[in-house]
Amino acid sequence: MAKYLIAPLKTDKMPPGIPYIIGNEAAERFSFYGMNSILVVFMTTRLCDAQGNLAVMSDAQAKARFHEFGFYLYVLPFLGAFLADAVLGKYRTVLYLSFVYCLGHLALALDHTRLGLVIGLGLIALGAGGIKPCVSAIVGDQFGASNQHLLPRVFSWFYFSINFGSAISTLLIRELLERYGPATAFGVPGIFMFVATVIFWAGQRRFVHIPPAGVAGYAKEVFQPENLKALGNLLIVVPFAAMFWALWYQNFSAWVQQATKMDLRLFGHDWLPAQIQTANPIFILILLPLFSYAIYPAIERVYRLTPLRKIGIGLFVTALAFAIVGWIQLRIDAGGKPTILWQILAFVVLTAGEAMVSPTHLEFAYTQAPRRLKSLVMCTYLLAIALGNKFTEVVNDLIDRGTLKLEGARYFFFFVIVMLLTAVLFLFFARFYKGRTYIQDEAAD
């Protein structure tokens with residue numbers, strides 16, 4: 001099947017499997033972000049005990065548990081990568097674990113206790129985490145020497161589909177929770193996950209399939225000196241990207257809690273706090289094409305914009321976003337009730353940082369991955385998200401225990417300082433990166 005990718009002439013024709021992958025990703029992201037958008041609200045307002053009585057968590061505890069879920073969600077991709085590259089292949093790994101994912105949504109819809117929360121989130125972490133490194137790697141597998149120049153554009157559209165699903169779900173699912181309760185609010189994302197699974201299954205004959213290497217062959221590939229060097233080089237980026245995600249993921253937790261203390265009247269409508277998150281996917285839908293087709297080409301005329309330089313600029317921009325929400329919190333702490341427009345401005349800045357960091361790191365991880373380690377190396381991108389969530393979880397656990405005193409605006413400015421230090425260090429370490437680009441048919445037998 002790999003020979004399908006070998007072509008002597010450059011072409012602008014997209015591989016036939018791409019629409020199925022994009023459709024699958026849009027539905028799966030609707031499922032994930034819809035569920036994700038209401039988790040903190042659910043844990044602090046709707047969580048029950050076995051008798052059906054309210055047994056909610058504190059704000060700090062809910063934030064800690066939310067980011068703990070994020071940590072496991074983005075560590076389990078290592079299992080999915082092993083299954084995909086060594087045992088089942090990417091296609092079957094995604095298909096099988098998608099059903100596990102659906103069961104997780106079902107558990108959340110049926111059981112609203114802490115036990116149901118643990119079971120549901122555990123299954124979702126296994127299912128969603130397991131398929132994460134595979135889907136993005138399948139995107140790259142569809143390209144070879146003749147059309148590899150389309151990869152940056154396709155990864156941007158892939159990221160576009162993520163945010164298209166997210167934009168709709170963060171508006172809808174929070175409203176469903178308010179009107180119909182958690183059974184419906186968690187059940188609808190489950191239905192969309194099933195739709196995503198069907199779309200992916202329908203495209204099976206359109207995909208280029210890279211066969212698994214087998215356990216022995218996989219181990220041999222991993223421990224080849226050149227491949228170990230590639231993995232080691234990519235790990236240089238991980239701790240810096242992790243701090244980006246430590247900040248970014250808080251738009252689902254700390255930013256939602258901040259929004260409850262703001263004036264949510266906008267365009268003649270009283271919005272729900274969790275619905276303000278819709279600003280992020282809406283702005284990413286605008287900014288990704290803007291960056292790809294206007295801003296990056298303009299910068300390239302005067303300054304060579306490498307992937308690592310894009311990431312470095314994005315880290316500084318993310319610090320600015322948290323400085324804005326820190327300023328908002330100062331006004332809240334002083335007894336004010338600022339308009340939600342200020343947080344929307346922070347979302348614009350956060351999204352600009354995301355547009356520079358996330359799709360760039362995603363594409364970078366794929367192109368720097370040796371042929372049979374694509375799924376494993378995509379885990380370096382996901383590991384960054386896991387470690388970022390772990391950092392935020394630990395900070396909030398320490399706050400909940402009274403060990404760390406970061407109340408009000410001090411909480412946000414703490415992360416501003418951490419992000420600025422990270423960005424400065426990244427400028428230094430990025431100079432030492434030595435890598436090589438791998439496209440599938442370059443190493444074909």
N/O donor-acceptor pairs under 3.5 Å from side chains in residues 314-326, not counting sequence neighbours:
{"from": "Thr318", "atom 1": "OG1", "to": "Gly314", "atom 2": "O", "distance (Å)": "2.8"}

Could you walk me through whether Arg304 and Glu300 pass the salt bridge (Lys or Arg N to Asp or Glu O under 4.0 Å) check?
CA-CA 5 Å; Arg304 184 168 175 265; Glu300 283 281 3; over 6 Å; no
Evaluate the side chain to side chain contact (heavy atoms under 4.5 Å, CB included) criterion for residues Ile21 and Ile138: first the C-alpha distance (whole Å), next the side-chain angles of each, then the deciding distance (0.1 Å), finally the verdict.
CA-CA 8 Å; Ile21 300 172; Ile138 288 173; 3.5 Å; yes
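- Looking at every heavy atom in both residues, Thr392 comes nearest to Ala246 through OG1-O, 3.0 Å.
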Determine, step by step, whether Asp397 and Arg65 satisfy the salt bridge (Lys or Arg N to Asp or Glu O under 4.0 Å) criterion, reporting the C-alpha distance in whole Å, the side-chain angles of both residues, the deciding distance to 0.1 Å, and the verdict.
CA-CA 9 Å; Asp397 269 333; Arg65 299 289 73 77; 3.3 Å; yes
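- Residues Phe78 and Phe82 keep their aromatic ring centres 6.0 Å or farther apart.
- In this structure, the side chains of Trp248 and Asn280 come closer than 4.5 Å at one or more pairs of heavy atoms.
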Show your working on side chain to side chain donor-acceptor pair (under 3.5 Å) between Asp333 and Gln329 and close with a plain yes or no.
CA-CA 6 Å; Asp333 295 345; Gln329 194 62 42; 3.0 Å; yes
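- Residues Ile199 and Asn24 share a closest heavy-atom pair of CG2-N, 3.6 Å.
- The neighbour count for Glu407 CD, taken as heavy atoms of other residues, nucleotides or ligands under 6.0 Å away, does not exceed 12.
- Aromatic ring pairs are classed by plane angle as parallel below 30°, tilted from 30° to 60° and perpendicular above 60°; the pair Phe207 and Phe200 is tilted.
- Annotation: salt bridge (charged side-chain N to carboxylate O under 4.0 Å, His left out) contacts involving residues 339-350, sequence neighbours excluded, are absent.
- Within 6.0 Å of the OH atom in Tyr296, the count of heavy atoms belonging to other residues, nucleotides or ligands exceeds 12.
- Trp342 CH2: 12 or fewer foreign heavy atoms inside a 6.0 Å radius.
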Candidate pair Met193 and Phe30, rule side chain to side chain contact (heavy atoms under 4.5 Å, CB included), full reasoning
CA-CA 8 Å; Met193 186 57 224; Phe30 178 102; over 6 Å; no
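- Under 4.0 Å is where a charged nitrogen must lie from a carboxylate oxygen, and between Arg265 and Asp270 at least one such pair does.
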Between Thr44 and Asp59, does the side chain to side chain donor-acceptor pair (under 3.5 Å) criterion hold? Intermediate values first, please.
CA-CA 7 Å; Thr44 55; Asp59 285 355; 5.0 Å; no
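- Because its NZ or CZ atom is both nearer than 6.0 Å to the ring centre of Tyr411 and within 45° of the ring axis, Lys63 counts as a cation-pi partner of that residue.
- The distance from atom CG of Leu39 to atom CE of Met43, rounded to the nearest 0.5 Å, is 5.0 Å.
- Put simply, the side chain of Ser31 never gets that close to the backbone of Ala27: no donor and acceptor are under 3.5 Å apart.
- Across all non-hydrogen atoms, the minimal contact from Gly104 to Leu123 is CA-CB, 3.5 Å.
- Note: Tyr249 and Phe66 have tilted aromatic rings, judged against thresholds of 30 and 60 degrees for the angle between ring planes.
- Aromatic pair Trp255/Phe347: ring centres closer than 6.0 Å.
- Residues Ala384 and His361 come closest through the heavy atom pair CB-CE1, 4.3 Å.
- Atoms CG and CD1, on Leu171 and Ile276 in that order, are 9.0 Å from each other to the nearest 0.5 Å.
- Two rings, from Tyr101 and Phe32, have their centers 6.0 Å or more apart.
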Could you walk me through whether Asn36 and Phe69 satisfy the side chain to side chain contact (heavy atoms under 4.5 Å, CB included) test, starting with their C-alpha distance in whole Å, then the side-chain angles of each, then the deciding distance to 0.1 Å, before giving a yes or no?
CA-CA 10 Å; Asn36 220 37; Phe69 163 64; 3.8 Å; yes
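- Summarising the geometry of Ser37 relative to Phe252, their closest heavy-atom pair is CA-CD2, 4.1 Å, with the distance given to 0.1 Å.
- The aromatic rings of Phe391 and Phe414 lie parallel to each other, their planes meeting at an angle below 30°, with 60° marking the opposite boundary.
- Between atom CG of residue Leu308 and atom CZ of residue Phe240 there is a gap of 10.5 Å, rounded to the nearest 0.5 Å.
- Closest heavy-atom contact between Cys134 and Gly80: SG-O, 3.9 Å.
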